[in-house]
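Heads up, the thing below is written out as structure tokens.
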Amino acid sequence: MLYQKFETLYNQFRLRHYQSLFSRIHERSGRLSATESYSLDTIHLLGTPTIKQFAEVLGISQPNATYKVNGLEAKGYIKRMPSGEDKRECRLAVDERFYKYYGAGYGFLQQALEGLTERSTPEELASFETMLVRLSEIMGEDRHGSFQ
């Protein structure tokens with residue numbers, strides 16, 4: 001029962017995310033394709049990954065990852081920053097254009113949390129927050145990158 005309810009919630013979040021993502025995709029010059037949008041979203045979620053980390057998370061070759069990064073960089077959505085440890089390595093970071101593109105793409109999260117806050121007691125919300133922290137810790141175990 002818990003699994004089914006969680007799966008339903010997870011699927012609702014995924015569907016809302018896809019709706020938001022695809023509503024921003026326009027097949028015009030300078031705009032992002034679906035693959036580029038997913039790649040950009042992945043870089044954003046990873047924080048400041050290296051190209052190698054980006055490739056590993058997506059399960060693609062480094063040359064393929066470099067190709068995707070070059071395209072996103074050329075369109076002004078990401079930038080490369082020199083790594084502090086190894087000057088030959090660079091880190092990827094989303095640029096200002098990313099935030100303009102992303103916009104209010106996660107308004108559905110705000111709406112969901114407002115609805116939950118209105119319908120729950122402070123104790124229920126505190127318990128829910130505790131469970132979210134635990135779940136986040138479990139999901140973060142043995143993963144590439146961070147999703148904070």
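Everything quoted here is computed from the prediction, not taken from an experiment.
Side chain of Arg97 to main chain of Gly76: no donor-acceptor pair is present (N/O by atom type, distance under 3.5 Å, no hydrogens or angles). Side chain of Glu118 to backbone of Gly115: no donor-acceptor contact under 3.5 angstrom is found.
Between Ile43 atom CD1 and Leu72 atom CG the span is 5.5 Å, to the nearest 0.5 Å. Summarising the geometry, atom CZ belonging to Arg134 is positioned 8.5 Å from atom CD belonging to Glu137; distances are rounded to the nearest 0.5 Å. Between the CZ atom in Phe54 and the CD atom in Gln62 there is a gap of 11.5 Å [rounded to 0.5 Å]. With rounding to the nearest 0.5 Å, the separation of CG in Asn70 from OG1 in Thr66 is 6.5 Å. Note that CZ of Arg14 and CG of Leu9 are 12.0 Å apart. Values are rounded to the nearest 0.5 Å. Note: Ile78 CD1 to Leu92 CG = 5.0 Å, rounded to the nearest 0.5 Å.
Looking only at side-chain heavy atoms (C-beta outward), Glu129 and Leu132 stay at 4.5 Å or farther from each other. Contact of the Asp95 side chain with the Tyr77 side chain is not registered, since no non-hydrogen atoms from C-beta on lie closer than 4.5 Å. Lys52 places none of its side-chain heavy atoms less than 4.5 Å from the side chain of Glu89. Glu7 is listed as a side-chain neighbour of Asn11, based on a closest heavy-atom distance under 4.5 Å.
Qualifying side-chain hydrogen bond (donor to acceptor under 3.5 Å, both in side chains) partners for Arg119, counting only residues two or more places apart in sequence or in other chains: none. Every residue two or more places apart in sequence or in another chain that forms a salt bridge (Lys or Arg N to Asp or Glu O under 4.0 Å) with Glu36 is listed here: Lys75. Not counting sequence neighbours, the partners of Glu114 by the side-chain hydrogen bond (donor to acceptor under 3.5 Å, both in side chains) test are Gln110. Residues satisfying the salt bridge (Lys or Arg N to Asp or Glu O under 4.0 Å) criterion with Glu73, sequence neighbours excluded, are Arg80. Under the rule for a side chain to side chain contact (heavy atoms under 4.5 Å, CB included), the partners of Glu96 that lie at least two apart in sequence or sit in another chain are Tyr99. Not counting sequence neighbours, the partners of Leu125 by the side chain to side chain contact (heavy atoms under 4.5 Å, CB included) test are Leu116, Thr117, Ser120.
Remark: Phe6 CZ is loosely packed, at most 12 non-hydrogen atoms of other residues, nucleotides or ligands lying under 6.0 Å away.
In terms of hydrophobic clustering, with Ile, Leu, Val, Met, Phe, Trp and Tyr side chains grouped at heavy-atom distances under 4.5 Å, Tyr38 and Ile51 are assigned to a common cluster. Placement of Leu32 and Tyr18 within a single hydrophobic cluster is found when ILVMFWY residues are connected by side-chain heavy-atom separations under 4.5 Å, directly or transitively.
Ser61 and Ala55 make their closest contact through O-CB, 4.0 Å (heavy atoms, listed as atom of the first residue, atom of the second, distance).
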